[in-house]
Undergrad: 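Below is one structure. I have some questions about it.
Small disclaimer: the values here were computed from a predicted structure and weren't measured. First the proteins, then the strands, lettered A, B, ... as listed; each starts at 1.
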There are 2 protein chains.
Amino acid sequence: MRLVGPLQDRDAWAADACSAARTLDILATKASFLVVRELFYGTTRFDDFVRRVGTSAPTIARALSRLEDAGVIARTPYRTDGHRARDEYRLTEAGEELLPVIMALIQWGDAHLQPDGPPLRFHDVTTQQQVRVALVATPDTPQLESRQIQVAVHSPAGRANS
Amino acid sequence: MRLVGPLQDRDAWAADACSAARTLDILATKASFLVVRELFYGTTRFDDFVRRVGTSAPTIARALSRLEDAGVIARTPYRTDGHRARDEYRLTEAGEELLPVIMALIQWGDAHLQPDGPPLRFHDVTTQQQVRVALVATPDTPQLESRQIQVAVHSPAGRANS
DNA sequence: CCGTATCCACAACGATACTG
DNA sequence: CAGTATCGTTGTGGATACGG
């Protein structure tokens, strides 16, 4: 990248105010990232997070409450039938906007850490074109939303579904 | 996102093989992310990392060696004049491809954690259009490279450069 | 089924001190 | 200037046990 303008204070803006640093304070741990990933995949229940993130219940509880504090997710009661109140977790609008972060991580991992190819495929639900994360400088480039994206397990070649 | 295909094994592909999880194993800590950010900003020297990431020397040393092990950065000697050999750190090609990850973090932080607006602005070096991270499903959308991006400190309104 | 509380192990961090 | 070594503290995570 090419730095322009007043750069004498180069050391100043790095540490405190950097937006990446602030975002990372929220998504502090690996578990937090993966909980957000699961939310995009539609997971809403505590127990499913535990199993699908592959971590312990306390870790999930910590991640969920931190994300809630940060306004990334909202905890809402479901099945309000009688005495047993249960919560489900959903992304807020702010949380939905984390999709590029997650997709960028997946895309890099697909390209560099998956010798056998990507385990998952992401396609536009209408055009069936492959979805990718791109850096663009065109204001008119449309932004895909999460519900327009289709996730499929990648089965190599035409594999008949038994 | 809409999950399609065989989903019985939903719990399986989440934990082990997920590309996001694997990427996060490399960028395990906040310091690792910020070191990568600094590399994009052109930082190459140990001491500059320490100051600009705002952390301690051992933390930087750890982050650098982990990133080197992962093939994200390469350590090359500079100023080979005589007895004093020093190293500089640069992104590998694989490392360069982490730019969408960093930009996505910055973009989210700009939108949600900066009440006074983004501290930095990113523009296409030729068109001067603003750069953003987008999810696209069009194969022909061009990908901006890091050297086509211009970084400027955001000074509100027209502030004369003294 | 949905979590929380407690405890222990380990990894990451900062402070400090030291080497070339 | 460019790191490494050590150490005490904190944060993160897993195991287990417990309560709604």
Undergrad: Salt bridge between A:D48 and A:R51, side-chain N to carboxylate O under 4.0 Å?
TA: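 Looking at A:D48 and A:R51, the cut-off is met.
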
Undergrad: If a pair satisfies ring pair (Phe, Tyr, Trp, His ring centres under 6.0 Å) and one of its residues is in residues 95-119 of chain A, list it, with sequence neighbours excluded.
TA: A:W108-A:H112

Undergrad: Please state how far atom CZ in A:R51 lies from atom C1' in C:dC1, giving the value in whole angstrom units.
TA: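 About 11 Å, once rounded to whole Å.
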
Undergrad: Find the distance B:F33:CZ to C:dC13:P and express it as a whole number of Å.
TA: 12 Å

Undergrad: Who passes salt bridge (Lys or Arg N to Asp or Glu O under 4.0 Å) against A:D47, sequence neighbours left out?
TA: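 Not a single residue meets the salt bridge (Lys or Arg N to Asp or Glu O under 4.0 Å) criterion with A:D47.
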
Undergrad: Would you tabulate the pairs of protein nitrogen or oxygen atoms and nucleotide nitrogen or oxygen atoms of nucleotides 10-12 of chain C closer than 3.5 angstrom?
TA:
from	atom 1	to	atom 2	distance (Å)
C:dA12	OP1	B:R66	NH1	2.7

Undergrad: Counting the atoms with a prime plus P, OP1 and OP2 as sugar-phosphate, which does B:Y89 contact under 4.0 Å by heavy atoms, base, sugar-phosphate, or nothing?
TA: sugar-phosphate

Undergrad: In whole angstrom, give the distance that lies between atom CZ of A:F49 and atom P of C:dG3.
TA: 10 Å

Undergrad: What is the distance, to the nearest angstrom, from the CG atom on B:D48 to the P atom on D:dG3?
TA: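 The distance from CG of B:D48 to P of D:dG3 comes to 11 Å, rounded to the nearest Å.
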
Undergrad: Can you tell me how far P of C:dC2 sits from CZ of A:R75, to the nearest Å?
TA: 13 Å

Undergrad: Strictly below 4.0 Å: does B:T55 bring a side-chain N or O up to OP1 or OP2 of C:dG14?
TA: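 Yes, within the criterion.
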
Undergrad: Tell me, please, which residues at least two apart from A:T141 pass side-chain contact (heavy atoms from CB on, under 4.5 Å).
TA: A:V136, A:T138, B:R132, B:V136

Undergrad: Taking Watson-Crick (N1-N3 plus N6-O4 or O6-N4) and G-U wobble (N1-O2, O6-N3), each under 3.5 Å, can you produce the dot-bracket string of DNA chain D? Use [ ] for crossing pairs and | for inter-strand ones.
TA: ||||||||||||||||||..

Undergrad: Hey, are A:R22 and A:D25 close enough for a salt bridge, meaning a charged N less than 4.0 Å from a carboxylate O?
TA: no

Undergrad: Where the side chain of B:P58 is concerned, which of C:dC2, C:dA15, D:dA2 is the nearest nucleotide?
TA: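 Taking heavy atoms from C-beta onward, the closest nucleotide is C:dA15.
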
Undergrad: Quickly work out the A:F46 CZ to C:dA5 C1' distance and round it to whole Å.
TA: 12 Å

Undergrad: Under the side-chain contact (heavy atoms from CB on, under 4.5 Å) test, which residues partner B:S146, sequence neighbours left out?
TA: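 Result, side-chain contact (heavy atoms from CB on, under 4.5 Å) vs B:S146: A:M1, B:F40, B:E96, B:L99.
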
Undergrad: According to a strict under-4.0 Å criterion, is B:R45 in side-chain N/O contact with OP1 or OP2 of D:dA2?
TA: yes

Undergrad: How many Å lie between CD on B:E68 and P on D:dG3, as a whole number?
TA: 11 Å

Undergrad: My understanding is that only residues two or more places apart in sequence, or in another chain, count here; which of them pass salt bridge (Lys or Arg N to Asp or Glu O under 4.0 Å) with B:R75?
TA: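 B:R75 satisfies salt bridge (Lys or Arg N to Asp or Glu O under 4.0 Å) with B:E68, B:D87 only.
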
Undergrad: Run the salt bridge (Lys or Arg N to Asp or Glu O under 4.0 Å) test against A:E145 and tell me which residues pass, sequence neighbours left out.
TA: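 Once residues adjacent in sequence are excluded, the partners of A:E145 under the salt bridge (Lys or Arg N to Asp or Glu O under 4.0 Å) criterion are A:R147.
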
Undergrad: Which sits closer to the 5' end of DNA chain C, B:A63 or B:A57, going by the nucleotide each is nearest to?
TA: B:A63

Undergrad: For A:H123, give me all partners under ring-ring contact (aromatic ring centres under 6.0 Å, His included), at least two apart in sequence or on another chain.
TA: none

Undergrad: Between atom CG in A:D47 and atom P in C:dC2, what is the gap in whole Å?
TA: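 For the pair A:D47 CG and C:dC2 P, the rounded distance is 6 Å.
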
